[in-house]
Amino acid sequence: MFAPAQEQLLHIRRGTAEIIPEEELEVKLEASRQANRPLVVKLGCDPSRPDLHLGHAVVLRKLRQFQDLGHQAVLIVGDFTGMIGDASGQSKTRPALTLEETRQHGASYFAQASRILDPSRTRIVYNSEWLGPMQFGDVVRLAMKTTVARILNRDDFASRYAQDEPIGLHELLYPLAQAQDSVAIKADIELGGTDQKFNLLMGRTIQKACGQPQQICITLPILEGLDGREKMSKSLDNYIGLTEAPEEMYGKLLSIPDTLIYRYFELATDADTRDLPRLKGEAAVQPRDTKHRLAAMITRMYHGEAAARSARTHFERTVIRKEVPDDIPSYRPAPTGNGTIGLLTLLTQAGLTSSNGAARRLVQQGAVRLDGERVHDSRLEIDLAARTPFVVRVGKRRFARIIR
RNA sequence: GGGCAGGUACCCAAGCGGUCAACGGGGGCAGACUGUAAAUCUGCUGGCUAAGCCUUCGGAGGUUCGAAUCCUUCCCUGCCCA
């Protein structure tokens with residue numbers, strides 16, 4: 001039923017940052033094969049941020065790989081830890097969510113993750129199930145299994161402490177809570193980004209202290225965002241959401257720096273491993289075409305062939321040739337007394353600008369066009385009866401068809 | 001509990017009685033350019049049909065002709081001491 005350990009390892013190693021410890025993984029794989037028992041592969045998800053993007057996809061794809069190798073994927077929805085706050089790398093305490101909210105987010109997370117995982121072979125558990133009933137005494141006994149120095153060792157805590165930034169006491173418990181998850185489900189392997197290394201290792205520590213076999217920690221690289229510098233994240237707005245419209249995906253992918261093209265092929269696509277070296281060469285020699293192929297490939301993975309094709313057409317049309325796209329929203333202005341409407345009012349009402357002030361500035365900067373013609377007069381009154389229908393454009397990407 | 005330093009627009013951060021809708025940087029938006037929604041350069045970046053008015057500098061009061069700037073008090077954060 002299971003492939004030989006060495007063969008499995010070949011797939012597992014691809015694209016990972018670290019496997020700790022690798023020899024032990026081989027032993028586990030071999031044992032699982034002999035006993036014909038799948039390994040329990042754990043991935044924790046943070047329901048406080050329910051919008052998944054390509055960065056999350058890196059680790060989800062790895063989990064999918066384990067499923068394809070016949071192992072058991074367990075997705076842990078951190079509904080309890082979500083109420084506490086915190087996750088690695090966040091330097092601010094997060095707003096506490098109610099159990100109800102985290103449940104909803106968990107469901108939404110799973111729906112999105114199902115674009116990558118095989119949902120029929122994914123076990124979903126909520127960690128409030130075991131963390132919720134714990135008594136204070138249980139928590140104290142758990143806390144006894146590690147030391148303050150060890151916890152403060154975590155990068156995130158260390159730097160915040162050094163910079164005199166606040167660290168809530170409860171935040172120190174977060175790694176312990178996550179480790180307890182591993183104990184609860186008897187994880188054989190835990191996946192996470194490299195920023196999760198500390199928490200994953202804490203799982204090993206606590207499992208050992210509880211007399212359990214220790215999990216293997218597998219970390220995956222953090223995908224850079226569209227800016228090419230910071231990690232992809234929603235709060236930095238440099239991300240591509242898994243559920244984003246194909247046109248958005250395609251356009252955003254073309255905006256990444258050329259140096260990131262290969263990186264995305266490696267971590268975010270299903271490109272064949274054997275093709276990777278070739279793609280690396282092409283990315284260097286003909287960045288434009290290779291980037292289009294990257295954009296098409298990723299868009300296809302999430303939206304299918306047809307959508308990817310039309311996304312390309314859309315891009316060539318609106319960005320390269322600066323034409324008006326097919327499907328733009330229509331807006332029917334509220335009737336006015338004399339049948340005319342001020343330009344600024346129209347822009348704001350149609351949702352193209354956030355305020356009249358913003359609209360005024362954009363007009364002054366030459367960003368506003370009516371049927372392709374640039375407008376400079378912010379006091380312009382438009383005669384609706386005479387002009388409609390017409391197309392309003394703000395900047396490169398905001399359009400509305402004004403109808404009556 | 002005591003002492004000290006802080007809390008300024010999306011973020012960082014100046015300002016310390018009028019000239020402050022508030023320097024500068026980041027981010028964002030726009031224009032030019034480009035294979036690109038990249039890079040670079042330039043401009044804009046609280047609201048109001050607007051040379052005027054309104055709201056904003058942790059909260060609430062107060063002093064003053066006038067406060068982000070001074071006083072009182074409360075809340076929050078960090079450091080040192082206990």
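Sequence lines set the chain letters: A, B, ... in the order given, protein chains first and strands last, and positions in each chain run from 1.
Distance noted for atom P between B:C71 and B:G1: 24 Å (whole Å). Rounded to the nearest Å, the gap between the P atom of B:C41 and that of B:G25 is 12 Å. On the C1' atoms, B:G17 is 8 Å away from B:G66, given to the nearest whole Å. Comparing B:C76 with B:A38, their P atoms are spaced 44 Å from each other, to the whole Å. The separation of B:U69 from B:U64, taken at their C1' atoms, amounts to 13 Å, rounded to a whole angstrom. When the C1' atom is used for both B:C4 and B:C57, the distance is 23 Å, rounded to whole Å. The separation of B:G27 from B:A22, taken at their P atoms, amounts to 23 Å, rounded to a whole angstrom. If you take atom P in B:C10 and the same atom in B:U56, they sit 14 Å apart, rounded to whole Å.
When each of A:H314, A:H292, A:E244 is tested with A:Y250 by the rule side chain to side chain donor-acceptor pair (under 3.5 Å), just one qualifies, namely A:H292. A:I382 pairs in a side chain to side chain contact (heavy atoms under 4.5 Å, CB included) with only one of the listed residues (A:L343, A:T340, A:V375), which is A:L343. Paired with A:E190 under the rule salt bridge (charged side-chain N to carboxylate O under 4.0 Å, His left out), one option of A:K42, A:K197, A:K62, A:R204 passes, and it is A:K42.
Within 4.0 Å (heavy atoms only), A:L362 reaches sugar-phosphate atoms of the nucleic acid but no base atom. No contact: A:D289 has no heavy atom under 4.0 Å from any strand. Nucleic acid contact class of A:R379 (heavy atoms, under 4.0 Å, all strands): none. A:E381 comes within contact range of at least one nucleobase, with a heavy-atom separation under 4.0 Å. Using a 4.0 Å heavy-atom cutoff across all strands shown, A:G366 reaches sugar-phosphate atoms only and no base atom. Residue A:Q286 is classed as having no contact, given no heavy-atom separation below 4.0 Å to the nucleic acid. Looking at heavy-atom distances under 4.0 Å, A:G395 makes contact with sugar-phosphate atoms alone, never a base.
For the pair A:R374 and B:A32, the criterion of a side-chain N or O lying under 4.0 Å from OP1 or OP2 is met. The side chain of A:R397 places no N or O atom within less than 4.0 Å of a non-bridging phosphate oxygen (OP1 or OP2) of B:G28. A:R312 has no side-chain polar atom (N or O) that falls below the 4.0 Å cut-off from OP1 or OP2 of B:U36. Checking the phosphate oxygens (OP1, OP2) of B:G31, a side-chain nitrogen or oxygen of A:K396 falls inside 4.0 Å. Contact annotation: A:R360 does not reach the phosphate of B:C44 (side-chain N/O to OP1 or OP2, under 4.0 Å). For the pair A:S355 and B:G47, the criterion of a side-chain N or O lying under 4.0 Å from OP1 or OP2 is met.
Under a cut-off of 6.0 angstrom, the local environment of CZ in A:R379 is sparse, with at most 12 non-hydrogen atoms contributed by other residues, nucleotides or ligands.
Between A:F66 and A:H11, the distance from one ring center to the other does not fall under 6.0 angstrom.
If A:K252 and A:N356 are placed on RNA chain B by their nearest nucleotide, the residue sitting closer to the 5' end is A:K252. Along RNA chain B, the nucleotide nearest to A:R288 and the one nearest to A:R398 differ in position, and the one closer to the 5' end is contacted by A:R398.
The minimum heavy-atom distance between A:H53 and A:S233, with the atom names listed, is NE2-CA, 3.8 Å.
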